Amino acid sequence: MLNARLNTGRGTHQNASGMPASSELDSSLPSSQIPLLTYGEEDSEISADHHALIVPQFMGNRNRVHPMPCSDPSVPLQPRPMVPKKDIAVYGYGSVAWKDRMEEWKKRQNDKLQVVKHEGGNDGGNFDGKELDDADLPMMDEGRQPLSRKLPIPSSKINPYRMIIILRLAILGLFFHYRLLHPVRDAYGLWLTSVICEIWFAVSWILDQFPKWCPIERETYLDRLSLRYEKEGKPSELASVDIFVSTVDPMKEPPLITANTVLSILAVDYPVDKVACYVSDDGAAMLTFEALSETAEFARKWVPFCKKFNIEPRAPEWYFSQKIDYLRNKVHPAFVRERRAMKREYEEFKVQINGLVATAQKVPEDGWTMQDGTPWPGNNVRDHPGMIQVFLGDNGVRDVEGNELPSLVYVSREKRPGFEHHKKAGAMNALIRVSAVLSNAPYLLNVDCDHYINNSKALREAMCFMMDPTSGKKVCYVQFPQRFDGIDRHDRYSNRNVVFFDINMKGLDGLQGPIYVGTGCVFRRQALYGFDAPVTKKPPGKTCNCLPKWCCFLCCCSRKNKKQKQKKEKTKKSKQREASKQIHALENIEGAISEPNSQSSVTSQMKLEKKFGQSPVFVASTLPEDGGVPQNASPASLLREAIQVISCGYEDKTEWGKEVGWIYGSVTEDILTGFKMHCHGWRSVYCIPKRPAFKGSAPINLSDRLHQVLRWALGSVEIFLSRHCPIWYGYGGGLKWLERFSYINSVVYPWTSIPLLVYCTLPAICLLTGKFIVPEISNYASLVFMGLFISIAATGILEMQWGGVGIDDWWRNEQFWVIGGVSSHLFALFQGLLKVLAGVSTSFTVTSKAADDGEFSELYLFKWTSLLIPPTTLLIINIVGVVVGISDAINNGYDSWGPLFGRLFFAFWVIIHLYPFLKGLLGKQDRMPTIILVWSILLASILTLLWVRINPFVSKDGPVLEICGLNCDD
């Protein structure tokens with residue numbers, strides 16, 4: 001335990017979830033007992049021939065927020081057709097029998113509601129012992145509607161896209177048929193190499209293409225969420241959320257950026273008693289601790305300002321930097337005055353934070369000390385105790401208007417020499433355990449320190465999926481797309497990654513859900529604990545929703561195959577047995593709490609401790625699905641337990657990092673963690689709000705971007721060489737085949753760097769040797785080649801159409817696929833092989849050479865790194881090849897231009913894809929870096945030597961010798 005401001009500080013942290021027992025109508029009864037009001041739908045108790053009207057008369061002129069649902073949204077409900085010649089009374093309209101039936105129907109509906117009132121008690125709904133008015137019924141029905149819905153891509157867009165994919169697959173077969181049967185005899189090595197590369201590209205395309213077969217979009221209904229879980233005059237029943245922010249080095253991750261992220265979390269549009277923010281400082285830096293203390297103080301002013309005027313975004317740095325008219329749509333008379341005052345307060349806050357950063361530049365010889373003179377426990381980054389400080393929470397600290405604030409907790413886990421700490425994944429698992437002890441919210445949100453909440457309703461968007469009573473139980477996480485600030489308009493190095501987030505992820509959402517990308521993701525805590533997804537019985541006749549019925553064979557979902565049926569039944573039974581085992585274990589541990597001396601309870605307790613660790617408080621917190629902490633636990637005892645669960649030896653001989661929490665074994669722990677959840681039968685959801693939920697910063701200069709891609713690719717190589725590789729792991733679980741294709745593609749893509757590098761070298765070799773990888777093209781071959789190129793272009797165009805991606809973003813993505821493939825992916829492949837097979841860890845240093853001031857100055861920042869060598873070499877040899885090829889054609893005459901066009905097209909394809917890389921080497925246009933001058937001299941030397949060696953203006957048969965007629969002997 002630490003003295004001074006640690007652990008005692010400003011107070012203690014109590015239960016942040018603290019939810020009372022569910023008092024909602026829908027949760028008080030099983031779904032089968034809840035009466036569904038039939039607004040716009042036929043009542044099940046009224047026979048079809050007795051229906052006459054579509055909309056009941058008691059709806060009156062009350063406006064609905066959303067249209068009434070029906071079985072097919074595209075087909076509106078219509079009354080039965082009537083023959084004009086017949087009397088209207090024949091159909092029941094206006095007749096006495098019809099009025100009697102309507103009165104009887106309304107009476108039955110009222111009786112059902114009275115039954116619900118008596119069974120559910122006073123907390124079961126909004127009855128309060130009174131009969132509901134007709135005007136209240138539509139609102140109650142609105143609260144029972146689904147909280148979200150799928151929006152399939154229109155058939156006019158998706159059907160041509162699927163047809164082009166099938167057509168491209170057929171053309172690809174014809175292409176390989178021609179390539180294999182028509183080898184190039186005089187360049188057999190070049191031909192064979194090119195065919196092998198093309199086969200690999202085709203397999204890679206299949207792995208990438210078919211998971212995008214049935215993309216979907218989603219729509220959420222925030223008003224329905226409020227109607228269901230936020231009753232007027234009652235405490236909010238929205239679930240609690242624990243939010244994790246991770247940071248390591250405050251010198252590389254500026255504290256001001258982290259502070260803005262924390263402020264946007266504290267000001268989120270969500271009940272304050274349901275939000276707890278945990279900041280993980282894995283570098284144990286006193287600078288981060290002090291900056292967080294200042295942030296907590298500034299939050300007392302910033303949070304009420306945000307909620308009073310409902311501003312967006314709620315990160316002050318980006319709010320005050322917006323180039324918009326902030327007076328628009330603001331009618332509050334005090335807004336202008338308070339905004340100016342708040343901007344002055346924020347400028348003072350920035351001065352304080354920057355002053356802390358300036359002070360931290362020079363570390364004292366004896367290390368840092370706290371205000372009371374006690375040495376800072378984190379002076380030794382690799383050897384320090386665990387630290388927890390509760391800045392905000394239930395400790396009497398309120399905002400300037402006297403309102404409660406969300407909890408804010410600083411956490412730095414213990415580190416000792418000789419222990420493996422597992423970097424970010426280990427820090428996240430420590431936060432899981434700390435939050436489970438202190439607040440134990442059923443849902444978790446993790447964001448990087450530079451990803452602030454841009455949409456204050458982001459948590460509500462996620463709860464529309466997580467808390468949906470029909471489909472939410474099987475959702476393990478809700479992933480939001482990453483959006484970025486500070487990127488140049490042209491996005492030279494594809495930092496926005498729009499193609500992945502707006503095309504690939506939408507395709508995965510139509511299968512089993514998107515992959516986890518490391519930030520901006522809301523988790524279900526039970527899914528992170530390694531539990532299997534609940535087994536839901538499919539209604540009869542339900543078919544697979546990952547593909548249309550006519551092509552279910554593509555994902556092995558055909559119900560006609562008897563063996564597949566047996567296998568699915570066997571898998572289903574095994575999952576049910578596993579779920580029953582888990583339930584039995586939970587029942588036993590519950591029995592252990594009530595009867596701690598029974599033998600079965602002791603055995604179950606030992607099993608859970610082997611899985612979760614030696615903390616009875618944490619083990620007990622894993623039992624309730626709705627979270628919450630014991631009401632009788634004192635804050636001091638919870639803090640002591642929280643210190644214990646972040647000790648460096650807590651995870652020894654447990655399943656943390658193997659089956660529980662963030663999974664270890666790769667620097668890209670996000671892919672592994674999501675993959676394990678999908679293998680347990682869970683599904684994920686992709687949510688794209690109209691206003692981006694989160695925004696962050698991205699490296700925009702070439703070298704930093706390449707190093708970022710290097711890290712991602714290295715993680716994929718580590719997963720490929722581990723036991724968790726999706727090629728051979730997770731069979732017999734709940735992972736769908738097309739989802740597996742996507743995961744295989746996510747770990748295989750670095751291996752594409754080898755055939756890609758070879759293929760980009762072939763044009764230069766062909767131009768220098770005069771050979772080519774394709775024989776003389778016939779008319780049939782020309783048609784096949786043209787068909788292949790057209791199908792590739794058509795696929796890209798249709799993807800841009802249904803994904804809403806611009807052609808600039810699509811083309812930048814294609815260019816950087818080549819740039820990253822021949823540099824970062826290649827280095828990651830060799831580095832991963834050395835690390836996994838030989839245990840050798842290598843690193844690539846980046847040295848800054850120059851920088852410019854001004855907007856997007858980092859774009860022109862040139863940093864030399866080893867990653868620049870392969871693409872630079874490719875550029876040089878292809879440019880040399882083009883010069884040599886054209887010179888040779890000029891020398892040999894008209895007949896040599898025909899074969900040259902194919903080789904030139906091949907070379908220009910490589911040069912155009914590497915063009916952004918060339919611009920990055922040149923830096924800003926008004927000067928040339930010294931390194932470029934060196935490369936230019938080298939290039940000129942190579943060109944000169946090749947020119948002399950080839951002698952383009954000399955006949956291939958050697959010099960022609962003729963008798964001049966002079967007698968040299970005289």
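In this chain, numbering begins with 1 at the start of the sequence shown. Quick caveat, the model's predicted, so the values are computed rather than measured.
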- Glu230 and Glu237: CA distance, side-chain angles, deciding distance, side-chain contact (heavy atoms from CB on, under 4.5 Å) verdict: CA-CA 6 Å; Glu230 293 181 302; Glu237 296 177 6; over 6 Å; no

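- Side chain of Ser236 to backbone of Leu238: a donor-acceptor contact under 3.5 angstrom is found.
- Salt bridge status for Asp399 with Arg300: absent, with no side-chain N to carboxylate O gap under 4.0 Å.
- At a threshold of 4.5 Å between non-hydrogen side-chain atoms, the residues Leu151 and Ile216 do not count as touching.
- Here the closest heavy-atom approach between residue Pro406 and residue Leu266 is recorded as CG-O, 3.4 Å.
- With contacts defined as side-chain heavy-atom distances shorter than 4.5 Å, the pair Thr261/Tyr452 qualifies.
- When side chains are defined from C-beta on, Phe298 does not count as touching Glu348, because their heavy atoms never get closer than 4.5 Å.
- Arg218 places no side-chain N or O within 3.5 Å of a backbone atom of Ser148 that could act as its donor or acceptor partner.
- Across Met463 and Ala239, no two heavy atoms sit closer than the pair SD-CB, 4.4 Å.
- Nearest heavy atom pair, residue Tyr529 against residue Ala436, reads OH-CB, 3.7 Å.
- We find the OG-CD1 distance between Ser621 and Ile432 to be 11.0 Å, quoted to the nearest 0.5 Å.
- Residue Ala259 comes nearest to Thr295 through the heavy atom pair CB-OG1, 3.3 Å, listed as atom of the first residue, atom of the second, then distance.
- Looking at Ser264, its side chain does come within 3.5 Å of a backbone N or O of Ile453 through a donor-acceptor pair.
- Asn454 contributes no side-chain N or O that, together with a main-chain N or O of Pro313, makes up a donor-acceptor pair within less than 3.5 Å.
- Residue Ser684 holds its OG atom at 7.0 Å from CG of Asp509, rounded to the nearest 0.5 Å.
- Of the N and O atoms on the side chains of Asn446 and Tyr278, not one donor lies less than 3.5 Å from an acceptor on the other residue.
- Panel note: side chain Arg483, backbone Lys695; no donor-acceptor pair is recorded below 3.5 Å.
- Looking at Val437 and Asn440, their side chains never come closer than 4.5 Å, going by heavy atoms from C-beta outward.
- Rounding to the nearest 0.5 Å places SG of Cys521 at 9.0 Å from CZ of Phe694.
- Between Phe523 and Tyr516, the ring planes are perpendicular. Angles over 60° get that label, and only those under 30° would be called parallel.
- At a threshold of 4.0 Å, the pair Glu345-Arg340 does not count as salt-bridged, since none of the basic side-chain nitrogens sits closer than that to a carboxylate oxygen.
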- Take Arg525 and Ser435 through the test side chain to side chain donor-acceptor pair (under 3.5 Å) and record every step on the way to the result. CA-CA 11 Å; Arg525 187 182 286 269; Ser435 63; 3.0 Å; yes

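- Lys473 contributes atom NZ, which lies 6.5 Å from atom CZ of Arg524 (distance to the nearest 0.5 angstrom).
- When each of Lys308, Glu312, Lys307, Arg314 is checked for a side chain to side chain donor-acceptor pair (under 3.5 Å) with Asn310, only Arg314 meets the rule.
- Pairing each heavy atom of Ala462 with each of Val478, the nearest pair is O-CG2, 4.0 Å.
- With respect to Lys474 and Asp468, no salt bridge is recorded, no charged nitrogen being found less than 4.0 Å from a carboxylate O.
- Residues Pro304 and Ala299 come closest through the heavy atom pair CD-O, 3.9 Å.
- Residues Val241 and Tyr270 are in side-chain contact: their nearest non-hydrogen atoms beyond the backbone lie under 4.5 Å apart.
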- Item | Leu445/Phe244 under side-chain contact (heavy atoms from CB on, under 4.5 Å): CA gap, chis, key distance, verdict | CA-CA 6 Å; Leu445 164 65; Phe244 299 165; over 6 Å; no

- Give the intermediate values and the outcome of side-chain contact (heavy atoms from CB on, under 4.5 Å) for residues Ile388 and Val409. CA-CA 7 Å; Ile388 297 177; Val409 184; 3.8 Å; yes

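- Residues Pro316 and Trp302 have side chains in contact (heavy-atom distance under 4.5 Å, counting atoms from C-beta outward).
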- Starting from the C-alpha separation in whole Å, work towards a yes-or-no answer on side-chain contact (heavy atoms from CB on, under 4.5 Å) for Ser615 and Glu641. CA-CA 8 Å; Ser615 172; Glu641 195 68 26; 2.5 Å; yes

- Message: Walk me through whether Thr519 and Gln482 qualify under side chain to side chain donor-acceptor pair (under 3.5 Å).
- Response: CA-CA 8 Å; Thr519 183; Gln482 292 185 19; 5.6 Å; no

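- In this structure, Tyr477 and Val522 have side chains that are not in contact, with every pair of non-hydrogen atoms separated by 4.5 Å or more.
- In this structure, Trp318 and Asn260 have side chains that are in contact, with non-hydrogen atoms separated by less than 4.5 Å.
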- Check step by step if side chain to side chain donor-acceptor pair (under 3.5 Å) holds for Ser637 and Ser634. CA-CA 5 Å; Ser637 63; Ser634 66; 2.9 Å; yes

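- Note that OG of Ser240 and CG of Asp273 are 7.0 Å apart. Values are rounded to the nearest 0.5 Å.
- In this structure, Tyr346 has its ring center at least 6.0 angstrom away from the ring center of Tyr319.
- The aromatic ring centres of Phe480 and Tyr686 sit 6.0 Å or more apart.
- Considering CG of Leu392 and CD of Glu404, their distance stands at 10.5 Å, rounded to 0.5 Å.
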